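What you see is a predicted model; the values in this text were computed from it and never measured. Reminder, nothing fancy here: chain letters follow the sequence lines and each chain counts from 1.
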Amino acid sequence: MRRARARTRAPCGRADLSPYRAVRHAVWSAAHVTWAPPGGEMTTASQEAGQEERREGAPLDTLSLDERLYRMRHSAAHVLAEAVLEMFPEAKYAFGPPIENGFYYDFDLPRPLTPEDLTRIERRMRGTVHRDVPIEGRWIPKDEARAIFADQPYKLEMIEEIEDDVVGFFSHAEFDDLCEGGHAERTGEIGAFALTHSAGAYWRGDERRPMLQRIYGALFPTQEELDAWLKAREEAERRDHRRLGRELELFTSSDLVGQGLPTLLPKGATVRRLLEDWVVTLERRAGYQHVYSPVLGKVDLYKRSGHWEHYQEDMFPPMQLEHDEMVLRPMNCPHHILAYETQLHSYRDLPLRIAEFGTMYRFERSGVVGGLSRVRAMSLNDAHIFCTPDQIKSEFAGVMRLVEEVYAVLGITQYSYRLSLRDPADTEKYVDNDAMWELGQRVLREAMDELELDYVTAEGEAAFYGPKLDIQIRDMLGREETMSTIQVDFHLPEQFELRYIGEDGAEHRPVIVHRGVLGTAERMMAYLIELYAGAFPVWLAPVQATVIPIADRHLDYANEVRDALLARDLRVEVDSGGDRMGAKIRKAQLQKVPYMLVVGDREAEANTVSLRHRALGDLGATPLAEAVVRIAGERDAKSLDPDPETE
RNA sequence: GCCGGUGUAGCUCAGAGGUAGAGCAGCUGUUUCGUAAACAGCAGGUCGAGGGUUCGAUUCCCCCCGCCGGCUCCA
């Protein structure tokens, strides 16, 4: 198995593309996403470059690289920078790597860019591509680099951070860049590209440093591939859960309520309740016990748990009551700990699994909230497993089984594992206890290895109290989010002085495994809306069937059909409006109702329905009883649609 | 929170320094129809909030708020 943790050096001066991030892209590319480069997994060019002779005058040759796309995208970033520098001679250029579907470059510019600027920049870039000039690289001494980039503060900063005596240098035409390569040989080999948008980005990804302007471009070897990607992106935008949420009447939000506080409408509430009931059932079978705990509590509780010290910034500010300061809970671990503490436990009680589907409140920064995937009131499918240290691995495996079952039923196939570790240097964010972290991280690694699962590691992504294994999914636009998470915690048991009586009659400290399967109901719904493009499988569909009477005289029979479905506990509506049948079908199609039951004279006569499926179309005359069995059967089997992609 | 964009009817969007328009949805009427949109009429907006410039602002300027794209953060 692959422990995907390679040392990578970022191009154009190894700035803010963290090793983890570079590798993460590689894993996604290889395992899940749209392209796999000729060599299979995307080895970054700089890994190869690192094996070359680093001395002054040595050719910085990348011909051996079998990474054409990487090189095309990287060179396109250089061509972009060249165009921007021509248009804005006073511009400072910072960092410009190839990324998954293209490239970007960061600039410090005298004024904000407009869409027209992008058009002009793009035109200039095409000129450079057309001129087909050679791109050349070599190693140069640091002093020479300092002279070349004398008026480029960002480049100078990068030069100073390079430990070698020589630095990579690439140029084409009049354009120079500090860069360790992975480039096309000539600008004519760059392929088909388009500048997509510009956005702000902090220098070095650090919010205390200047905000630069980042220009993003998409690039593929051929125009056909680029067009296909642009088209796919447009389609992805059409299944944005925020858009579908409105169109399908799933949820709404209002600035009268506040940012990040959406309201689930009846149809969305139906979906959530079904998901929730189902997962609670699975958890009960897996030995979890469910509790309810309050959303408001004294700040002292969170001081004891450590949340206050480490998490205060992310909590809603406290409210002052008569004698106490109260806060909205950001997590419910302390409550579950209190549930554990109501009894003195024997080792025979363990593992004890306390679960709750409750809402947490987190004061997310205003720029990040949106839709259902990033909210300030989130309903966690949370549980805390109190166990002995030697039960951690089997509990971990049990959670993974649960996650896999849930994902399989929902049809979630594109996800990756991320082992989130602490950043040892960050004692502010993380509980300061080296031994505890080492142990927790080792246990998680071992557990993953035993399950033979591939993962990437991410330093600085852990919870404040312990390391975690996150399961990452991507939304339709490729943005990555954590869905499920499993966390090992030696800290909270210590804080609350938890204990159990062991076989030896002595007191021992239990371990807590925190875990979320759905993550949050909100984020899971956002994801599923996009995954299904709003066409929920029958078991989750807010309306499972619409009965469509052809004319008013068929209303009585339509109601009979409805009642037959209701008798099997199906969610059914009769469209008794004045529209023609075609319009009623269209309405039901647009609402993504799985089944339409058209009834007219023939059907009323023969006690049949004319069955239509939203994806399969007209299925023809079907005896009413048969139609009911079919729909109820699909519901009970939690079947996925034949092919949601093609809808 | 930061950078940029943006905010006109329930939704999607036009418009212009002289107090606004379309399509869909809604309502009413006519039509009773066979697998993705029948026809007609009606109604619907302090043009995101506040301030300023102006004889006059929804339009120009400032500030605030929301939304969108990123960054940072994160379930």
Participant: Quick one: does R365(A) reach the base of C73(B) with a side-chain donor-acceptor pair under 3.5 Å?
Facilitator: no
Participant: When you measure from the side-chain N and O atoms of R242(A) to the phosphate of C68(B), is any distance below 4.0 Å, counting only OP1 and OP2?
Facilitator: yes
Participant: Applying salt bridge (Lys or Arg N to Asp or Glu O under 4.0 Å), can you list everything that pairs with E235(A), at least two apart in sequence or on another chain?
Facilitator: K231(A)
Participant: By nearest atom, which of the nucleotides G70(B), G34(B), G4(B) is closest to the P112(A) side chain?
Facilitator: G4(B)
Participant: Donor-acceptor pair under 3.5 Å: do we get one between R243(A)'s side chain and the base of C68(B)?
Facilitator: no
Participant: Does a salt bridge link E283(A) with R353(A), judged by any charged N lying under 4.0 Å from a carboxylate O?
Facilitator: no
Participant: With E573(A), which residues qualify under side chain to side chain donor-acceptor pair (under 3.5 Å), at least two apart?
Facilitator: none
Participant: Can the ring centroids of Y93(A) and F107(A) be said to lie less than 6.0 angstrom from one another?
Facilitator: no
Participant: With respect to the side chain of V368(A), which nucleotide from C71(B), G34(B), A75(B) is positioned closest?
Facilitator: C71(B)
Participant: Considering only NZ, NE, NH1 and NH2 on the basic side and carboxylate oxygens on the acidic side, decide whether E100(A) and R479(A) come within less than 4.0 Å.
Facilitator: no
Participant: Taking Watson-Crick and G-U wobble pairs with both distances under 3.5 Å, convert RNA chain B into its dot-bracket string, 5' to 3', dots for unpaired and | for cross-strand pairs.
Facilitator: (((((((..((((....[..)))).(((((.......))))).....(.(((..]....))).))))))))....
Participant: How many Å lie between CZ on R208(A) and C1' on C3(B), as a whole number?
Facilitator: 18 Å
Participant: Scan residues 520-536 of chain A for pairs that pass salt bridge (charged side-chain N to carboxylate O under 4.0 Å, His left out), counting only residues two or more places apart or in two chains.
Facilitator: R272(A)-E522(A)
Participant: Let's see if you can work this out: which of C71(B), C67(B), A36(B) has an atom nearest to the side-chain heavy atoms of Q259(A)?
Facilitator: C67(B)
Participant: Write down the distance separating the P atoms in C60(B) and A14(B), rounded off to the nearest Å.
Facilitator: 15 Å
Participant: Atom pairs, N/O to N/O, protein against nucleotides 6-12 of chain B, distance under 3.5 Å?
Facilitator:
unit_1	atom_1	unit_2	atom_2	d
U12(B)	OP1	R246(A)	NH2	3.0

Participant: Write down the distance separating the C1' atoms in U12(B) and G26(B), rounded off to the nearest Å.
Facilitator: 16 Å
Participant: Considering only the P atoms, how many Å lie between G4(B) and C62(B), rounded to the nearest integer?
Facilitator: 12 Å
Participant: Under 4.0 Å from OP1 or OP2 of A75(B): is there any side-chain N or O of K468(A) that close?
Facilitator: yes
Participant: Are Y216(A) and C71(B) close enough that a side-chain N or O sits under 4.0 Å from OP1 or OP2?
Facilitator: yes
Participant: With heavy atoms under 4.0 Å as the rule, sort E313(A) into base, sugar-phosphate or nothing.
Facilitator: nothing
Participant: Look at E364(A) together with R374(A) and state whether they make a salt bridge at an N to O cut-off of under 4.0 Å.
Facilitator: yes
Participant: Would you measure the distance from the C1' atom in A75(B) across to the matching atom in G66(B) and give it in whole Å?
Facilitator: 24 Å
Participant: Provide the full list of salt bridge (charged side-chain N to carboxylate O under 4.0 Å, His left out) pairs with a residue in residues 598-607 of chain A, sequence neighbours left out, each pair given once.
Facilitator: R553(A)-D601(A)
Participant: What's the gap between A20(B) and U6(B) when it is taken at their P atoms, as a whole Å value?
Facilitator: 24 Å
Participant: What residue pairs, at least two apart or across chains, pass ring pair (Phe, Tyr, Trp, His ring centres under 6.0 Å) with a residue in residues 461-481 of chain A?
Facilitator: H307(A)-F464(A), H310(A)-F464(A), Y465(A)-H514(A)
Participant: Return the 5'-most residue of the pair L212(A), G260(A) with respect to RNA chain B, ranking by each residue's nearest nucleotide.
Facilitator: L212(A)
Participant: Write down the distance separating the P atoms in C71(B) and A37(B), rounded off to the nearest Å.
Facilitator: 42 Å
Participant: Please determine whether a side-chain nitrogen or oxygen atom of Q213(A) lies at a distance below 4.0 Å from atom OP1 or OP2 of G4(B).
Facilitator: no
Participant: From the list C71(B), A75(B), G34(B), which nucleotide is the closest neighbour of the side chain of Y202(A)?
Facilitator: C71(B)
Participant: What does G367(A) touch in the nucleic acid at a heavy-atom separation under 4.0 angstrom: a base, only the sugar-phosphate, or nothing?
Facilitator: base
Participant: Across the strands shown, which category fits S373(A) at heavy-atom distances under 4.0 angstrom: base, sugar-phosphate, nothing?
Facilitator: base
Participant: Determine the Euclidean distance between corresponding P atoms of C33(B) and U28(B); express it in Å to zero decimal places.
Facilitator: 22 Å
Participant: Which pairs with one or both residues in residues 108-119 of chain A pass salt bridge (charged side-chain N to carboxylate O under 4.0 Å, His left out), sequence neighbours excluded?
Facilitator: R111(A)-D117(A), D117(A)-R120(A)
Participant: Flag the pair E461(A) and R422(A) as a salt bridge only when some basic side-chain nitrogen lies within less than 4.0 angstrom of an acidic carboxylate oxygen.
Facilitator: no
Participant: Could you pick out which residue, D470(A) or D240(A), lies toward the 5' side of RNA chain B when each is mapped onto its nearest nucleotide?
Facilitator: D240(A)
Participant: Taking L113(A)'s backbone N and O only, do any of them form a donor-acceptor pair with Q213(A)'s side chain (distance below 3.5 Å, no angle check)?
Facilitator: yes
Participant: Give one of base, sugar-phosphate or nothing for T485(A), where a contact means two heavy atoms less than 4.0 Å apart.
Facilitator: nothing
Participant: So does K584(A) pair up with D579(A), basic N to acidic O under 4.0 Å?
Facilitator: no
Participant: Are R418(A) and D470(A) ion-paired here, with the side-chain N under 4.0 Å from a carboxylate O?
Facilitator: yes
Participant: Ignoring backbone atoms, establish whether R479(A) has a side-chain N or O less than 4.0 Å from OP1 or OP2 of G69(B).
Facilitator: yes
Participant: Which nucleotide in the list A36(B), C74(B), G69(B) gets nearest to the side chain of R586(A)?
Facilitator: A36(B)
Participant: With sugar-phosphate meaning primed atoms plus P, OP1 and OP2, does D206(A) contact a base, only sugar-phosphate, or nothing at under 4.0 Å between heavy atoms?
Facilitator: nothing
Participant: Between K587(A) and D575(A), is there a side-chain N and carboxylate O pair less than 4.0 Å apart?
Facilitator: yes
Participant: Quick one: label M360(A) by what it contacts on the DNA or RNA (base, sugar-phosphate, nothing), any heavy atom closer than 4.0 Å.
Facilitator: nothing
Participant: Under 3.5 Å, which protein N or O atoms sit close to an N or O of nucleotides 23-26 of chain B? Give each pair with its distance.
Facilitator:
none

Participant: Identify all side-chain donor-acceptor contacts of residues 255-267 of chain A below 3.5 Å with residues at least two apart in sequence or on another chain.
Facilitator:
unit_1	atom_1	unit_2	atom_2	d
Q259(A)	NE2	S366(A)	O	3.4
K267(A)	NZ	Q591(A)	OE1	3.4

Participant: Which nucleotide wins on minimum distance to the side chain of H197(A), given the candidates C74(B), A75(B), G70(B)?
Facilitator: G70(B)
Participant: Grab the CE-P distance between M581(A) and A36(B) for me, whole Å please.
Facilitator: 7 Å
Participant: N/O contacts under 3.5 Å, protein versus nucleotides 27-32 of chain B?
Facilitator:
unit_1	atom_1	unit_2	atom_2	d
U32(B)	O2'	R553(A)	NH1	3.4
U32(B)	O2	D552(A)	N	2.9
U32(B)	N3	D552(A)	OD1	3.4
U32(B)	N3	D552(A)	OD2	2.8
U32(B)	O4	D552(A)	OD2	2.7

Participant: Return the set of residues passing ring pair (Phe, Tyr, Trp, His ring centres under 6.0 Å) with H197(A) (not counting sequence neighbours), or none when no residue passes.
Facilitator: Y216(A)
Participant: Take atom C1' in C3(B) and the same atom in A9(B), then report the distance between them in whole Å.
Facilitator: 33 Å
Participant: Between the base of A75(B) and the side chain of E364(A), is one N or O donor paired with an acceptor at under 3.5 angstrom?
Facilitator: yes
Participant: Could you check whether the side chain of E603(A) and the base of G34(B) have a donor-acceptor pair of N or O atoms closer than 3.5 Å, going by distance alone?
Facilitator: yes
Participant: Categorize L590(A) for me: base, sugar-phosphate, or nothing, with a 4.0 angstrom heavy-atom threshold over every strand shown.
Facilitator: base
